[in-house]
Amino acid sequence: MQEKAYKILAMQEKISNNLAKELIDKGCVFAMGKKVLIARALMNSKTKFMIQKIKKPKILFEDNDIIVLNKPYGEISEKLEKTFNAKLINRLDKETSGVLLLSKEEKFRLKCIQEYKKQNVYKSYLAIVDGVIAEDLEICEKITTIKNKNGAFSKIDKFGLEAHTQVIPLMVNAKKTLIKAIIKTGRTHQIRVHLNHIKHGIIGDEKYARINATRMYLHSYETHIFDYKFKAFLDESFNAYGFEVKNLNF
């Protein structure tokens, strides 16, 4: 007998259907070692699920203008606006962890957005990618983004917008590379698309690289804006694949 995944999960965990859907949508529900991607997918009614706990966001810095969070994997950026009663300056995909900026005051938020538009904001990310990257790379491939009811999808396109990603290899282990990516532009899914284009997709990026994992190993590491400099260290999840990276300073 088959039933929708969220209904089986709701019965198993004795939770509401809505909460079950939310857990699946956040990417923290697994069955038979694989992430459950679609809440309405039909599955065997006897399927046993494993739920990965989502950590609470940690405040890295706060003053009269700004709140800076270390956003955990699986958390939706827009929901944190309500939690902290502040407006997003930037946003991260739910699959991405790391530095997230929220503004307490609209005038300051608009000033920040102008800095992003002028490309005056320094942004670096850490990621675990498939394959061995042995030397620094500069990826300059234009990107076009299509948005519809299913979300955003970006692709390399010679008629797209300029996109620049600097890739610096940090560690290599078992044909996986921990890299630092510095983005000079901020196109939708830019790092994911660029890395997949050079055949070094991010581990856990199911949309572009189609690599299944317990999470997507992409983390917003540093953001510099105005005189502010913020850094979010990696959590223990990045110790996967043989990397011991917690609190290392790259």
Side-chain angles (χ1 to χ4, degrees), residues 1-56 71-77 79 92-98 125-132 148-155 172-179 188-189 191-220 234-246:
M1 182 178 172
Q2 291 191 315
E3 183 55 273
K4 290 175 183 175
Y6 75 90
K7 290 188 176 181
I8 304 169
L9 178 63
M11 287 187 287
Q12 177 184 301
E13 297 296 319
K14 297 181 174 56
I15 57 177
S16 70
N17 286 342
N18 284 339
L19 179 54
K21 282 181 186 176
E22 184 178 333
L23 289 170
I24 293 172
D25 289 342
K26 284 185 173 183
C28 55
V29 178
F30 295 79
M32 295 172 286
K34 291 189 175 182
K35 189 185 295 180
V36 180
L37 300 176
I38 303 171
R40 295 180 178 275
L42 291 175
M43 302 183 72
N44 189 306
S45 60
K46 294 182 180 179
T47 300
K48 297 296 181 185
F49 295 101
M50 188 277 288
I51 299 174
Q52 184 182 56
K53 274 193 171 183
I54 294 177
K55 297 183 177 182
K56 291 184 178 180
K71 184 189 90 66
Y73 161 81
E75 188 59 83
I76 297 169
S77 295
K79 287 195 172 183
L92 299 175
D93 296 331
K94 70 179 179 185
E95 302 94 341
T96 305
S97 55
Y125 288 70
L126 298 176
I128 298 176
V129 303
D130 191 36
V132 175
N148 55 39
K149 63 180 181 180
N150 296 318
F153 185 86
S154 296
K155 63 180 181 178
V172 176
N173 187 64
K175 295 185 178 179
K176 303 284 188 294
T177 307
L178 175 70
I179 62 109
T188 300
H189 301 162
I191 298 173
R192 298 164 68 178
V193 172
H194 271 174
L195 286 167
N196 190 56
H197 177 70
I198 63 168
K199 311 300 183 188
H200 291 291
I202 297 172
I203 302 300
D205 182 0
E206 287 151 351
K207 177 174 276 192
Y208 297 103
R210 303 196 177 190
I211 301 173
N212 188 58
T214 55
R215 64 159 291 177
M216 183 170 73
Y217 288 92
L218 180 63
H219 178 82
S220 174
L234 296 170
D235 67 21
E236 65 279 1
S237 69
F238 264 75
N239 291 337
Y241 304 99
F243 296 108
E244 294 294 332
V245 296
K246 191 175 182 184

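- Around CG of Leu42, the count of heavy atoms belonging to other residues, nucleotides or ligands within 6.0 Å exceeds 12.
- Atom-to-atom distance recorded for Ile51:CD1 and Leu23:CG is 5.5 Å, nearest 0.5 angstrom.
- In this structure Lys176 satisfies the side chain to side chain donor-acceptor pair (under 3.5 Å) test with no other residue, sequence neighbours excluded.
- In this structure, Met50 places its CE atom where more than 12 heavy-atom neighbours from other residues, nucleotides or ligands lie under 6.0 Å away.
- Residue Lys71 comes nearest to Ser77 through the heavy atom pair CD-OG, 3.8 Å, listed as atom of the first residue, atom of the second, then distance.
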Go through Thr47 and Val36 one step at a time and tell me if the side chain to side chain contact (heavy atoms under 4.5 Å, CB included) criterion holds. CA-CA 11 Å; Thr47 300; Val36 180; over 6 Å; no
Distance-only check: which donor-acceptor pairs under 3.5 Å involve side-chain atoms of residues 203-220, not counting sequence neighbours?
residue, atom, partner, partner atom, Å
Asp205, OD1, Arg192, NE, 3.3
Asp205, OD1, Arg192, NH2, 2.8
Asp205, OD1, Lys207, N, 3.2
Asp205, OD1, Tyr208, N, 3.3
Asp205, OD2, Arg192, NE, 3.3
Lys207, NZ, Ala152, O, 2.7
Tyr208, OH, Ser154, N, 2.9
Tyr208, OH, His189, ND1, 2.6
Thr214, OG1, Tyr217, OH, 3.4
Arg215, NH1, Ser237, OG, 3.2
Arg215, NH2, Ser97, OG, 3.0
Arg215, NH2, Leu218, O, 3.2
His219, ND1, Ser97, OG, 2.8
His219, NE2, Ala232, O, 2.7
Ser220, OG, Val99, O, 3.4

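- The backbone N or O of Val172 lies less than 3.5 Å from no partner atom in the side chain of Thr177, so there is not a single donor-acceptor pair.
- Remark: Lys34 pairs with no residue by the salt bridge (Lys or Arg N to Asp or Glu O under 4.0 Å) rule, at least two apart or across chains.
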Please tabulate, for the side chains in residues 2-21, all donor-acceptor contacts under 3.5 angstrom to protein atoms that are two or more places apart in sequence or on a different chain.
residue, atom, partner, partner atom, Å
Gln12, OE1, Phe49, N, 3.0
Gln12, NE2, Phe49, O, 3.1
Ser16, OG, Leu19, N, 3.1

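- Interatomic distance, CD1 of Ile128 versus CG of Leu234, reported as 8.0 Å (0.5 Å rounding).
- Glu95 meets the side chain to side chain donor-acceptor pair (under 3.5 Å) test with no other residue; sequence neighbours excluded.
- Not counting sequence neighbours, Lys48 has no partner by the side chain to side chain donor-acceptor pair (under 3.5 Å) test.
- Here Lys155 pairs with nothing under the side chain to side chain donor-acceptor pair (under 3.5 Å) rule; sequence neighbours left out.
- Using a 4.5 Å cut-off on side-chain heavy atoms (C-beta onward), Thr96 and Tyr125 make contact.
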